[in-house]
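Read the structure below first, then the notes.
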Amino acid sequence: MIEVNNVTVNYILGDIKDLSLKEFFIRKMKREVITREFCALKDISFHVNKGELLGIIGSNGSGKSTILKVLSGIMQPSKGSISIKGMVAPILELGAGFDGEMTVKENIFLRGALLGYQKEFILEKYGDIIEFSELKEFENVAYNKLSSGMKSKLAFALSSFVTPDVLILDEVLSVGDMAFRKKSEKRMKELFASGVTTILVSHSLNQIREMCSSVLWLEKGEKKGMGNTKEICDDYEKYMQKK
């Protein structure tokens with residue numbers, strides 16, 4: 001379902017973006033423009049089979065968000081390749097794919113269209129989406145009037161009820177009240193049982209241990225380990241205790 005082969009992502013860091021064109025050329029002539037390359041991911045390879053739920057763990061700056069952006073097609077790797085079979089529904093940022101001036105109801109149809117679904121299909125699923133998101137009384141409220149928790153509920157409900165082939169989640173299950181988190185985890189398990197391939201980034205090791213069939217551990221842009229959920233999580237906990 002998902003093949004990642006020797007993916008490397010490099011960023012150019014420096015002060016170029018803060019310079020005017022004139023200042024840039026003056027500094028270039030004087031050889032004063034300082035830039036350097038930062039490697040966010042280095043030769044990352046892994047595969048995820050259909051129906052698996054892969055958890056990705058790692059400390060801050062380890063490359064978790066970068067690999068999700070590559071998998072979602074938002075970012076192109078500097079080297080290597082990505083192959084994903086089927087439709088991908090990423091939830092990486094609360095506001096991604098939503099229009100702040102449109103209502104909750106209008107945004108459900110907008111986001112559904114962006115994911116490639118026909119209006120008839122969204123009409124069929126609308127009741128389930130609005131009920132799960134707990135936003136029935138807010139369906140005619142502008143999106144930008146919602147709290148961050150409400151936005152998270154809407155994003156998760158929409159992506160989980162349109163049943164994509166691949167679902168990519170970045171810390172989404174850690175947002176919202178306890179009752180919604182439990183409901184989201186239950187929904188994730190239903191999706192997992194139905195064969196939806198899922199990639200989940202979470203700082204909650206308990207969540208990863210409970211839900212994921214395998215785990216990828218990234219550290220400083222490199223693959224530190226991948227495999228059995230318990231073994232990788234145990235190794236990660238020991239590593240973090242030593243830091």
Side-chain angles (χ1 to χ4, degrees), residues 1-9 40-75 77 79-92 155-156 159-160 163-175 181-243:
M1 177 62 74
I2 300 174
E3 288 285 345
V4 177
N5 296 306
N6 303 114
V7 164
T8 294
V9 174
L41 293 172
K42 182 178 180 181
D43 293 322
I44 302 298
S45 296
F46 64 90
H47 73 273
V48 185
N49 295 322
K50 179 177 173 58
E52 287 188 341
L53 200 165
L54 173 70
I56 302 181
I57 59 176
S59 55
N60 292 335
S62 61
K64 302 187 298 298
S65 293
T66 301
I67 192 64
L68 293 191
K69 289 177 181 176
V70 172
L71 290 169
S72 302
I74 297 171
M75 180 182 293
K79 187 181 74 173
S81 63
I82 299 279
S83 174
I84 301 180
K85 295 181 180 179
M87 193 196 75
V88 179
I91 309 179
L92 306 184
F156 180 83
S159 292
S160 65
T163 58
D165 299 298
V166 178
L167 185 61
I168 298 177
L169 306 172
D170 187 4
E171 295 292 347
V172 173
L173 300 184
S174 63
V175 181
R181 291 182 199 179
K182 290 181 178 179
K183 186 167 69 170
S184 298
E185 290 180 2
K186 181 181 178 182
R187 177 61 183 156
M188 284 297 304
K189 291 174 181 177
E190 291 172 355
L191 287 172
F192 185 49
S194 71
V196 174
T197 306
T198 306
I199 295 180
L200 170 66
V201 164
S202 176
H203 284 295
S204 171
L205 271 186
N206 289 335
Q207 197 174 74
I208 294 288
R209 286 180 184 277
E210 182 180 345
M211 299 184 66
C212 298
S213 50
S214 59
V215 174
L216 168 65
W217 173 13
L218 297 176
E219 204 62 47
K220 296 181 179 178
E222 298 185 4
K223 184 169 77 172
K224 189 83 170 179
M226 181 170 177
N228 178 271
T229 298
K230 183 181 184 306
E231 292 177 2
I232 298 297
C233 286
D234 286 349
D235 289 344
Y236 177 68
E237 280 191 311
K238 293 175 184 176
Y239 172 83
M240 293 301 291
Q241 288 170 0
K242 294 178 180 178
K243 287 190 71 173

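Bear in mind the structure is a predicted one, so any value in this text is a computation, not a measurement.
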Can you name the nearest heavy-atom pair linking [X] to [Y], along with the distance?
X: G80; Y: P77; answer: O-CG, 4.0 Å
X: P164; Y: M87; answer: CB-CE, 3.4 Å
X: N60; Y: H203; answer: OD1-CE1, 3.5 Å
X: A89; Y: L167; answer: O-CD1, 3.3 Å
X: T229; Y: I208; answer: CG2-O, 3.7 Å

Kindly compute the distance separating SG (C233) from CG (N228), expressed to the nearest 0.5 Å.
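So the SG of C233 and the CG of N228 are separated by 9.0 Å.
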
Are the side chains of [Y] and [X] in contact, using a 4.5 Å heavy-atom criterion?
X: E219; Y: Y236; answer: yes
X: V4; Y: V70; answer: no
X: K85; Y: T197; answer: no

Determine yes or no for a side-chain-to-main-chain donor-acceptor pair under 3.5 angstrom, with K223 supplying the side chain and S45 the backbone.
yes

With no hydrogens and no angle check, is any side-chain donor or acceptor of S72 less than 3.5 Å from a backbone partner on K69?
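Answer holds: no.
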
Salt-bridge present (R187, E190; N to O < 4.0 Å)
yes

Under 4.0 Å between a side-chain nitrogen and a carboxylate oxygen: does that hold for D43 and K79?
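A salt bridge is present here (some side-chain N lies under 4.0 Å from a carboxylate O).
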
If you apply the rule side-chain contact (heavy atoms from CB on, under 4.5 Å), what do you find for L218 with L41, and how did you get there?
CA-CA 9 Å; L218 297 176; L41 293 172; 4.3 Å; yes

Tell me, which pairs form a salt bridge (charged side-chain N to carboxylate O under 4.0 Å, His left out) where one or both residues lie in residues 54-68, sequence neighbours left out?
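The answer is none; no pair qualifies.
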
Atom pairs and distances, side-chain donor-acceptor, residues 209-216, under 3.5 Å, sequence neighbours left out:
from, atom 1, to, atom 2, distance (Å)
R209, NH1, D234, OD1, 3.1
R209, NH2, D234, OD1, 2.7
R209, NH2, E237, OE1, 2.7
E210, OE2, K189, NZ, 2.9
S213, OG, L53, N, 3.0
S213, OG, L53, O, 3.1

